Amino acid sequence: MKRTIRALLPALLLSTTLAQAASDEAWQQSRQVMTQACINASTLSKVRVLGEPIAYDDSVGYSALLLEGRYPQPQMKNKRGRELCLFQRSSGRASISEADRLRWVR
């Protein structure tokens, strides 16, 4: 009996430490939440996402998303503008900063 327990113990320990990967649906839902939070925080009108999100590692806990739209203020005369959205994954909060100087490379 002791021999069986000793033989199975390493396999049991290894199986309990394996992490489960997130499903494609979970990643898609997470991206939709981030996109919607960034769009809601944006000050631009007719806002759209440029490119793909940039996900920093979990020690930082943020993802970045570049947005483009039109300035709604009358003095801006509907000029095109860009904003950088930093999305805090743990809280779901989005912070926006003007990013007209950022260049989007295709």
Side-chain angles (χ1 to χ4, degrees):
M1 183 70 170
K2 284 185 180 181
R3 180 179 270 172
T4 305
I5 292 174
R6 284 186 186 167
L8 291 176
L9 188 59
L12 182 61
L13 289 173
L14 285 175
S15 68
T16 60
T17 60
L18 293 176
Q20 294 290 327
S23 68
D24 289 338
E25 294 83 22
W27 283 110
Q28 184 66 23
Q29 182 180 8
S30 175
R31 180 177 175 165
Q32 287 175 348
V33 167
M34 175 183 62
T35 300
Q36 195 58 53
C38 287
I39 288 172
N40 290 344
S42 175
T43 61
L44 300 172
S45 64
K46 299 179 184 174
V47 66
R48 67 185 182 102
V49 174
L50 291 180
E52 296 294 318
I54 299 168
Y56 292 90
D57 68 40
D58 288 338
S59 67
V60 175
Y62 282 90
S63 293
L65 195 59
L66 187 59
L67 305 173
E68 183 177 72
R70 300 280 177 176
Y71 287 108
Q73 299 87 349
Q75 71 272 18
M76 296 301 286
K77 300 179 182 171
N78 207 31
K79 179 182 170 188
R80 186 172 21 171
R82 290 193 178 138
E83 294 175 330
L84 183 64
C85 176
L86 291 181
F87 179 74
Q88 187 176 31
R89 295 187 300 263
S90 63
S91 70
R93 290 186 53 198
S95 298
I96 297 289
S97 184
E98 180 266 318
D100 286 337
R101 295 183 192 156
L102 283 180
R103 201 172 51 110
W104 184 49
V105 179
R106 293 181 190 225

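Predicted, not measured: the structure shown is a model, and the values here were computed from it. Along the sequence shown, residues carry numbers from 1.
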CZ on R82 to CG on L66, rounded to 0.5 Å: 6.0 Å
Which value, rounded to the nearest 0.5 Å, describes the distance between Y62 atom OH and M34 atom CE? 14.0 Å
Between D100 and G81, what is the shortest heavy-atom contact and its length? OD1-CA, 3.1 Å
Any idea which heavy atoms bring A64 and L84 closest together, and the distance? CB-CD1, 4.3 Å
Suppose we screen for side chain to side chain donor-acceptor pair (under 3.5 Å). Which residues come up paired with D57, at least two apart in sequence or across chains? S59
Counting C-beta onward and ignoring hydrogens, is there a side-chain heavy-atom pair between Y71 and L44 closer than 4.5 Å? yes
Count I, L, V, M, F, W, Y as connected when their side-chain heavy atoms are under 4.5 Å apart, and connections chain through other members. Are I96 and V47 then in the same cluster? yes
Between V60 and L86, is there shared hydrophobic-cluster membership here, with clusters defined by ILVMFWY side-chain heavy atoms closer than 4.5 Å? yes
Heavy atoms only: give me the nearest D58-R89 pair and the separation to one decimal. OD1-NH2, 3.1 Å
Residue pairs, two or more places apart or on separate chains, that pass disulfide (SG to SG under 2.5 Å) and touch residues 31-106: C38-C85
Are L50 and L102 connected in a single hydrophobic cluster, I mean Ile/Leu/Val/Met/Phe/Trp/Tyr linked by side-chain heavy atoms less than 4.5 Å apart? yes
Under the 3.5 angstrom rule, does the side chain of S45 hit a backbone N or O of R70 as a donor-acceptor pair? yes
Is the closest side-chain heavy-atom distance between R31 and E52 below 4.5 Å? yes
